[in-house]
Number of protein chains: 2
Amino acid sequence: MKERLEGRPGRSAPGNGTRPTIKAVAAAAGVSTATVSQAVNDTGRISEATRRRVLAAAAELGWSPSAPATALRRARTRTIALVVRRPTDVLGADPHFSELITGLEGQLAPRGYGLLLHLVPDMAEESALYERLAAEGRIDGAVLTDARADDPRPGLLEGLGLPAVLLGAPDPAAPVPGVGLGQQDAGVREAVTHLLNHGHRRIAYVAGPADLLHSGLRRAAFESALAEAGLRPLAVRHTDFTEEAAVTVTTELLARPDRPTALVFPNDSMAVCGMGAAQRAGLRVPEDVSVVGYDNLPLGRWLHPRLTTVDQQVQRVGAAAALTLLAGCGEEVPAPLLDGRPRLVVRESTGPAPAGRP
Amino acid sequence: MKERLEGRPGRSAPGNGTRPTIKAVAAAAGVSTATVSQAVNDTGRISEATRRRVLAAAAELGWSPSAPATALRRARTRTIALVVRRPTDVLGADPHFSELITGLEGQLAPRGYGLLLHLVPDMAEESALYERLAAEGRIDGAVLTDARADDPRPGLLEGLGLPAVLLGAPDPAAPVPGVGLGQQDAGVREAVTHLLNHGHRRIAYVAGPADLLHSGLRRAAFESALAEAGLRPLAVRHTDFTEEAAVTVTTELLARPDRPTALVFPNDSMAVCGMGAAQRAGLRVPEDVSVVGYDNLPLGRWLHPRLTTVDQQVQRVGAAAALTLLAGCGEEVPAPLLDGRPRLVVRESTGPAPAGRP
DNA sequence: CGACGCTGGTTAATCGATATACCAGCAGGT
DNA sequence: ACCTGCTGGTATATCGATTAACCAGCGTCG
C-alpha cells in the first residue's frame, strides 16, 4: 500500500501507530514534562500563559495522558466494575441491566470513568472475580447488584479496600453504602392498594428467588399491605425469575378451585408470560384475572392489554449509585439525590375483580 | 471498630489496603523480581523447581501482576471496548446486547480480558470516544456494533492502530474484519418462504433505521426472496426501532384497503407490540394476520400466541467476534467458527393466509 | 587443561506520568 | 550590599512489572 501524505502534518498523526507521550508535548511546548503534567492536572504553580501553551501543544499533538501510566503512578484506574451474576448463560436478556447501565454511564462517563463489565455464573465466581480485579489493581470500586439476604460482597470489598455500593440494600450504613431501597416496597404497596380498591381479595404473588434481598422485601411489603386490610395472600410462589417459571406457576395458580383474581409478578417479562398463560387457559385479562408487572419495560405500554406495572426508575438508581461510588473514590460530586420512589403505572391489565364467590 | 485477628496470617492480608508487589513475592521465594516475572509468564529460562516455588509464594501472598504496570510496560491492557450507540437515553433496554455481551464475555474472561462498556448518543460521540480511549491507551481493540452503510469507524480504528470487528459486516475483508453476516439474510428468506408456503401474498416488512447496514441487507433479502416468487412487498417501512414506531406503522398498514396478511418485524419487541396493535384493531393473530419477529427473545416462547421469530444466535456471533478480535490482539485462539446461521423458529403467530381477495 | 556452551538465574534500563525537592530569578525591605 | 520571600519553573525518584544483556557455575570436549 502506498504511503500517502496526510493533510495536516502535526495533527495526531493517524496511522503511524505511535502515540505521542508527555515528552513530545513537553518538547513541543518548550517546557519540562513536569510542567506538562501540572498544566493538564491544574496543580502546582505555573503561569497562565505557560498552561495555555502546553494545552495548545497537547491538543495539537492529540495527546491525552496514558491511562496505564497514570493508574500506575496514582494507584487509581478510573474504572468501576459491574459484575452481573446469572445462573445460566442461556438467560442473558435482562432489560433491567440496560437501564441500570444507562444510569451509571450518565454519571461515570463525564468524569472520565469507565465501566468494566463482567458476567459470572454464581456468587463464588463473583467473589473470586473481585479478588482478582482488586489484586490486579484494575478497578477503583464496584457496583453490587442483586443484594442477597446474607451478602458476602460488602465485607469482601471492604476487606479489599475498594469502595462499593449495594443496590437494593435497605441499610445505607456499613460496610458499604446502599442505594435505591428503603422505599422499595412503596411500589408493591401501591399495587396492592390498587387491586384492593378494585375489589380484589384473592391475590397471589409470584416472587423472585428467595435468597435475593429485594424478593424478600417486596414479598414482605406485599404481605403487610394485605395484612393492613385484614387479608392474607392467596399464595406466594418463589421462582428463579425465568419466563418458564412464570408460565408454570401462573398455570398452576389459575387451575386452583379458589382461583386468584389478581396476580402480581416481580418483573414485566414474567408478567407478560403470565398473561400469555392466563389467556392460554381461556381466561381474559383483566376481566377474569388482573396482572401487575414490575420494571415498566417499554414493551408493556403497547401490549394488548397494556401492562399495569411498577416503575422503579432503575436509571435513577444507577445514577445515584454512580455518584455514591464516585464519592467513595474521592471524587467531588453532588450528593446523590434519589427523589423518585417506585410508583405504580396503571394501564389495562388490571381491572375490577370478577363477580363470584366473595 | 476493634481490630480482629485473621485466621490465616499470611494469606492475602485482607483489609490492610496494601497489595503485595512482585518484590514481596520475589523476597518470599528468595529470587529476583525478574525470575518471578518469568515464572508467571512462562517465559525465559528457569528451572521447574524455582517456577513452582515462585508460584507457590505468589499464591500464598495472593499476588497477581498489577494490570496498570503490565499495561504500561507491554502496551497491552487486555481490555476491549464495547460502545453502544443509542439515540436517546430513554431507550436503554435492548435485550440484543445482553446476549451479545454474554457471547463476548464467554471468550474474553477466560483469557483475562475485560470488557469496557460505554454508551453514547450518536456516531460523532462514538468516534470521539474511540479517539480518547486510544489516546489514553485504555483499550486493545473494539467491537463495533450496528454497522452503518457508510461506516466511519473501521477507517478510524485502523488509523488509531486498534484491531476491531464490525458486527454484521458483509465483507470479511478490510479494513477491519466483519463477523456474523453473509448469511444474515438466511433467516429472513426462510421466513418469507414460510409465509409463502402458507399462502401469504400480501406481506409487509417493518424495517429498522435505513442507515443501519443490516436493515438494508435484510430488506434486500426480503425483497429478493419475494421477487423469486414473482411477488413484490406490499410495503416496506423503515422505523427507528422503537416500540412506538412498531405500533404506529402496524396500525397504519392494517388500516389499508389491501391489508397485509403477514407482517415481518426487525426484532421481537416490535413484533410483540405489532401483535398488540393488531389485536387492538380487532384482528386475530394468526387467523387474520401473521406476525414474524427477529431475535428469539425468551419471552416470545410464552406469549399468546407464541411468537414465530428468527433466531440469529447473537451469542455465537459475540463469541466469534471475541475470537476474531483476540486474534487481532495477538492472542493464540482457535479460529472463530461461526457455524449456525440465523434460522426461523416457527411457533403460533404465523398461520395460513386468511381466505379473501387473491 | 582451557575454551566452550549450556543452565539458571541476576542486574539494570525501560514503559509514561506524577510529585517532591530543589533552584534560578527577581522584587522588596533594611 | 545582602538577606528574604515569592514566582515559575526544572531535575529526579518513583509507581510495578518486563526484558535485554549479562554472568556464575559446571560439565564437556578437543
Side-chain angles (χ1 to χ4, degrees), chain A residues 17-55 57-58 61-78 112 132-140 330, chain B residues 17-55 57-58 61-78 112 132-140 330:
Chain A
T18 316
R19 289 190 295 277
T21 77
I22 196 173
K23 276 188 193 164
V25 177
V31 294
S32 71
T33 62
T35 303
V36 175
S37 176
Q38 294 178 119
V40 300
N41 292 305
D42 215 336
T43 175
R45 296 170 314 181
I46 172 178
S47 76
E48 191 50 37
T50 320
R51 176 185 312 284
R52 271 203 296 271
R53 198 152 39 89
V54 169
L55 294 181
L61 294 174
W63 174 81
S64 297
S66 150
T70 305
L72 175 57
R73 188 62 234 248
R74 289 233 180 111
R76 274 278 142 84
T77 59
R78 298 190 152 240
R132 209 198 75 208
L133 292 175
E136 293 182 348
R138 258 179 180 269
I139 55 173
D140 289 347
Chain B
T18 316
R19 290 189 297 274
T21 77
I22 196 174
K23 275 188 194 163
V25 178
V31 295
S32 72
T33 63
T35 303
V36 176
S37 176
Q38 294 178 116
V40 300
N41 293 307
D42 215 335
T43 175
R45 297 169 313 181
I46 170 180
S47 77
E48 191 51 35
T50 322
R51 178 187 310 284
R52 271 202 295 273
R53 199 152 39 89
V54 169
L55 293 181
L61 294 173
W63 174 81
S64 298
S66 150
T70 306
L72 176 57
R73 186 63 233 252
R74 289 232 181 113
R76 275 278 140 87
T77 59
R78 300 193 148 233
R132 208 198 77 207
L133 292 175
E136 294 182 347
R138 257 179 181 271
I139 56 173
D140 290 347

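These numbers were taken from a predicted model, which means no experiment stands behind them. Sequence lines set the chain letters: A, B, ... in the order given, protein chains first and strands last, and positions in each chain run from 1.
- The CG atom of B:Leu61 sits 15 Å away from the C1' atom of D:dG16 (whole-angstrom rounding).
- For B:Ala69, the side-chain contact (heavy atoms from CB on, under 4.5 Å) criterion is met by A:Leu72, B:Ser66, not counting sequence neighbours.
- Remark: A:Thr70 OG1 to A:Arg76 CZ distance equals 13.0 Å, nearest 0.5 Å.
- Between B:Arg51 and B:Asp42, the closest side-chain pair of non-hydrogen atoms falls below 4.5 Å.
- Distance B:Lys23 NZ to D:dG16 C1': 8 Å, rounded to the nearest Å.
- Under 4.0 angstrom from either OP1 or OP2 of D:dT18 there lies at least one side-chain N or O belonging to B:Ser37.
- Nearest-nucleotide mapping onto DNA chain C: of A:Val40 and B:Arg74, the residue sitting toward the 5' end is B:Arg74.
- Atom pair B:Ile22:CD1 and D:dT14:P shows a separation of 18 Å (rounding to whole Å applied).
- Note on B:Trp63: every side-chain N or O is 4.0 Å or more away from OP1 and OP2 of D:dG16.
- When the C1' atom of D:dT18 is taken as reference, atom CD of A:Glu136 falls 16 Å away, rounded to whole Å.
- The interatomic distance linking B:Leu72 (CG) with D:dT14 (C1') rounds to 12 Å, in whole Å.
- Atom CG in B:Asn41 sits about 17 Å away from atom P in D:dG16, given to the nearest Å.
- The backbone N or O of A:Ala29 sits less than 3.5 Å from a side-chain atom of A:Arg53, completing a donor-acceptor pair.
- Here the OG1-CZ distance, from A:Thr35 to A:Arg45, works out to 11.5 Å after rounding to the nearest 0.5 Å.
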With 3.5 Å as the limit, what N/O pairs link the protein to nucleotides 7-13 of chain D?
| unit_1 | atom_1 | unit_2 | atom_2 | d |
| --- | --- | --- | --- | --- |
| D:dG8 | N7 | A:Arg45 | NE | 3.4 |
| D:dG8 | N7 | A:Arg45 | NH2 | 3.2 |
| D:dG8 | O6 | A:Arg45 | NH2 | 2.5 |
| D:dG9 | OP1 | A:Thr50 | OG1 | 2.9 |
| D:dG9 | OP2 | A:Ser47 | N | 2.7 |
| D:dG9 | OP2 | A:Ser47 | OG | 2.6 |
| D:dG9 | OP2 | A:Thr50 | OG1 | 2.6 |
| D:dG9 | O6 | A:Arg45 | NH2 | 3.4 |
| D:dT10 | OP1 | A:Ser32 | N | 3.4 |
| D:dT10 | OP2 | A:Ser32 | N | 3.1 |
| D:dT10 | OP2 | A:Ser32 | OG | 2.8 |
| D:dT10 | OP2 | A:Thr35 | OG1 | 2.2 |

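- Put simply, the side chain of B:Arg78 reaches to within 4.5 Å of the side chain of A:Arg138, judged on heavy atoms.
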